[in-house]
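The next block holds one structure in the form of structure tokens; read it before the comments.
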Amino acid sequence: MKENKLPTLTPQEIRDEELISAAFQKLIDTYLATNHRRKVDIITKAFNFAKQAHKGVRRLSGEPYILHPIAVAQIVCEEIGLGSTSICAALLHDVEEDTEYTNEDIANLFGAKVANIVEGLTKISGGIFGDKASLQAETFKKLLLTMSDDVRVILIKIADRLHNMRTLQSMLPSKQYKIAGETLYIFAPIADRLGLNKIKTELENLSFKYEHPEEYAQIEQQLADTQPERDTIFDKFTPPICEQLDKIGLRYTIKARVKSPYSIWRKMQKKKISFAEVFDILAIRIVFTPSDRKHEVDECYRIYSTLTQIYTPHPERFRDWLSNPKANGYQALHNTFMSKQGKWIEVQIRSDRMDDIAEQGFAAHWKYKDANAAYDENELDKWLNSIKEILDDPQPDTLDLLDTIKLNLFTSEILVFTPKGDLKTMPAGATALDFAFSIHSFLGSHCFGAKVNHKLVPLSYRLRSGDQVEIITSRTQHVQPEWLTFATTAKAKGKIQAILRRENREKQQRGEETLRQFFATQEIEYAIPLVERLASFRGFAKREELFRALGAGTLTLSDEDADCLRGKRRSRGWRKFIPFIGKKDESAAPRPDTTFTASLNRKKVLVLDEEVLGKCTIASCCHPLPGDDVMGYINPQGVLEIHARSCEIGTKLKSRYGNSIIATSWDTHKVLLFDTSIGIKGVDSHGVLYAIADVLHKLSQFTVKRITLETNDGIFEGKIDVSVHDTDDVKLLCDSLKQIENVTKAVRVE
């Protein structure tokens with residue numbers, strides 16, 4: 001009798017099995033440590049199903065593919081705090097897309113809830129990491145649509161993105177830039193809006209790490225070097241607080257919160273300051289467990305009152321997010337106190353529930369089922385409804401939608417009042433016009449002014465917290481195109497654009513009808529080529545522009561136009577006095593070098609020498625220099641644009657046109673010169689101008705193009721426009737200028 005032998009596993013397969021088993025066991029242990037119901041069987045079933053479905057498949061890093069769904073489920077359980085339904089969906093999230101199994105199979109085995117979440121995740125997964133990078137904006141739209149059905153879809157998608165960011169090192173540099181840019185532009189703001197502060201911070205830091213590795217490493221090192229100093233401040237500042245809190249019998253913990261590298265870098269970039277000038281790196285966080293949860297807000301104020309008896313609070317930095325929580329559910333008391341060592345230190349006061357919500361977002365509400373949570377969940381619904389309103393309005397371009405929605409992700413808020421005293425939350429920087437559209441579209445489209453605190457103000461007036469706003473309307477008022485220049489909220493911009501598009505369509509139809517009548521009057525047969533000839537004759541790029549001008553009444557047709565249609569040449573107006581003005585020779589227009597473009601697509605890293613640079617354009621939005629972290633973008637004309645990786649336009653390009661992004665580095669061997677500007681500031685004193693001129697004279701490798709300086713109340717400020725080889729030259733010039741007595745600042749400015 002022949003004995004059936006089990007297949008022998010290879011050493012690699014044994015190692016894989018050990019890795020998979022250990023990862024899954026960790027997931028089960030984490031799940032059992034939560035307050036969720038014990039549904040281990042269904043999770044194990046989902047794991048076994050996914051493991052079989054992904055059998056033999058490996059990630060780019062070489063590890064078995066099943067480790068990715070397990071890692072996503074681990075994040076969903078441990079870091080977001082979701083239960084068995086979400087864990088199962090996370091384990092199965094790639095099954096429908098990557099294998100032969102269907103959503104119906106998943107529904108039969110795991111139920112409708114899990115299947116619906118998996119289907120939502122499948123809808124939004126195409127194009128994010130695959131070859132269809134141009135579909136990212138469409139993907140974002142799908143993501144938001146599914147999010148309004150079940151928030152768990154987006155929570156699991158954020159967990160999926162977080163794990164992909166944690167394992168990004170296995171991807172090509174061009175893919176890293178695309179994914180990091182998309183993460184910063186889309187996923188980090190959504191995580192922030194959902195209250196996932198810890199995940200939002202990690203997504204930002206990982207994106208920063210891959211986009212600007214040198215700056216990231218430098219800030220990490222500076223944080224490590226200054227840690228002893230922060231420890232000393234903490235050790236001196238907290239004992240008096242502990243002593244007083246112990247006296248009132250409070251259960252609490254005090255911990256130090258250190259600003260993230262990305263937040264530090266953003267502040268340095270925005271304010272043009274050095275690491276040493278960022279003063280709010282350290283904050284103190286007091287997290288307490290209330291004796292009675294119903295009175296936790298009262299205990300926050302009680303702790304704050306205790307602190308004011310020890311240290312002097314800053315009169316203008318008090319932030320109360322207890323009475324009016326942020327839209328993402330965040331609650332806390334913040335203020336900055338003067339330490340005995342003469343340093344301002346921020347203190348944040350939260351209950352344990354508030355702390356969980358700050359770190360885990362809306363998912364933490366399921367841990368604290370009480371009346372307080374209901375308000376914040378309603379706030380989430382309000383935000384989702386505002387997203388739905390924008391999605392309901394048909395957009396001409398999904399990429400415009402992406403920018404519009406982005407406006408809604410900002411969480412800085414102000415509180416304003418209606419004439420009846422109702423409280424309304426608005427984004428910081430919102431105008432009276434934004435307020436009008438937030439109340440009702442009719443109110444916004446017919447408003448012509450506003451009263452703020454009973455005083456008449458223009459629609460462009462920027463609101464401040466505490467303002468009481470009354471909108472003045474008229475039925476004769478209509479939406480104006482210039483409103484787009486000061487509308488700031490997504491809803492206002494979206495509605496204005498929709499109304500203008502509708503009006504333009506009406507003008508276009510009227511204009512086309514007017515033109516058809518003109519053709520008939522002149523006994524000329526209506527034809528598109530003739531219409532385009534007339535549009536060109538009248539100086540319009542497209543025939544639609546000609547229609548709109550006719551429909552709006554800003555253009556009247558004449559005999560000259562009839563002659564143009566019949567092919568007769570006639571001098572028009574002032575042109576007859578300038579005979580050499582004629583039609584541009586289109587054959588002389590530069591054509592893109594297709595061979596060069598094709599070669600770009602095959603390169604992972606491009607080194608820019610003089611020959612290649614001649615076929616590129618340096619982006620005017622950010623003016624990068626050799627030495628900056630840069631990326632390449634192949635524009636529709638086939639020309640390579642060089643952008644700084646920190647450039648806002650570059651970030652948009654990464655999230656929109658990922659397949660056109662090229663990993664790029666500089667090397668011009670100090671042969672070519674590039675224009676930049678140095679901002680300079682200091683105390684006006686005798687000889688300072690001569691000293692600046694002397695430094696510029698001695699550094700002869702730079703070409704100085706222009707110097708502008710002006711003095712005000714003993715302080716001089718100005719700008720030096722120079723041509724330099726690279727960022728090393730900029731650093732040398734700034735360092736040399738800062739050596740001058742009474743020069744306090746010299747930094748590169750855009």
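Scope of the values below: all heavy atoms of this structure, side chains included, with no hydrogens, waters or symmetry mates.
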Salt bridge (charged side-chain N to carboxylate O under 4.0 Å, His left out) filter on K255, not counting sequence neighbours, yields D355
Contacts satisfying salt bridge (Lys or Arg N to Asp or Glu O under 4.0 Å) that involve residues 259-281 (not counting sequence neighbours) are K259-D280, K267-D280
ask   = Considering only heavy atoms from C-beta outward, does the side chain of F417 approach that of K424 to under 4.5 Å?
value = no
With sequence neighbours left out, the residues meeting side chain to side chain donor-acceptor pair (under 3.5 Å) with Q221 are D225
Using modelled atom types and a 3.5 Å cut-off, is there a donor and acceptor pairing between side-chain atoms of D192 and backbone atoms of A188? no
Open item on the list: Taking the basic N atoms (NZ, or NE/NH1/NH2) and the acidic carboxylate oxygens, is any pair closer than 4.0 Å for E220 and K209?
Closed with: no
Student check: side-chain heavy atoms of V287 and S351 closer than 4.5 Å: no
Notebook entry, point to check: Is the number of heavy atoms from other residues, nucleotides or ligands under 6.0 Å of Q169 CD greater than 12?
Noted result: yes
Here the side-chain hydrogen bond (donor to acceptor under 3.5 Å, both in side chains) pairs for residues 302-311, sequence neighbours left out, are Y304-N335
Scanning both residues in full, the closest heavy-atom pair of P261 with F208 reads O-CE2, 3.8 Å
Does a side-chain heavy-atom distance below 4.5 Å link T489 with F435? no
Test salt bridge (charged side-chain N to carboxylate O under 4.0 Å, His left out), reference E296, set R251, R350, R353, output is R353
Does the distance from a Lys or Arg side-chain N to an Asp or Glu carboxylate O, for K26 and D29, drop under 4.0 Å?
no
Applying salt bridge (charged side-chain N to carboxylate O under 4.0 Å, His left out) to E79 and not counting sequence neighbours gives R166
Item checked: Donor-acceptor pair, side chain of T34 and main chain of Y31, under 3.5 angstrom -> yes
* Asked: With no hydrogens and no angle check, is any side-chain donor or acceptor of R285 less than 3.5 Å from a backbone partner on A256?
  -> no
Verify side chain to side chain donor-acceptor pair (under 3.5 Å) between D434 and T431, making sure each step is shown before the conclusion. CA-CA 5 Å; D434 295 316; T431 61; 3.0 Å; yes
| query | Passes side chain to side chain donor-acceptor pair (under 3.5 Å), Q74 versus T30? Steps please. | reply | CA-CA 8 Å; Q74 183 73 31; T30 306; 2.9 Å; yes
Inset, instruction - Test side chain to side chain donor-acceptor pair (under 3.5 Å) on D320 and Y301 and set out the steps. - result: CA-CA 10 Å; D320 181 357; Y301 289 118; 2.8 Å; yes
Residues at least two apart in sequence or cross-chain that pass salt bridge (charged side-chain N to carboxylate O under 4.0 Å, His left out) with D735, listed by chain then number, are K731
Note: R462-D467 ion pair, threshold 4.0 Å (strictly below)
no
How are the rings of Y330 and H334 set to each other: parallel, tilted or perpendicular (split at 30° and 60°)? perpendicular
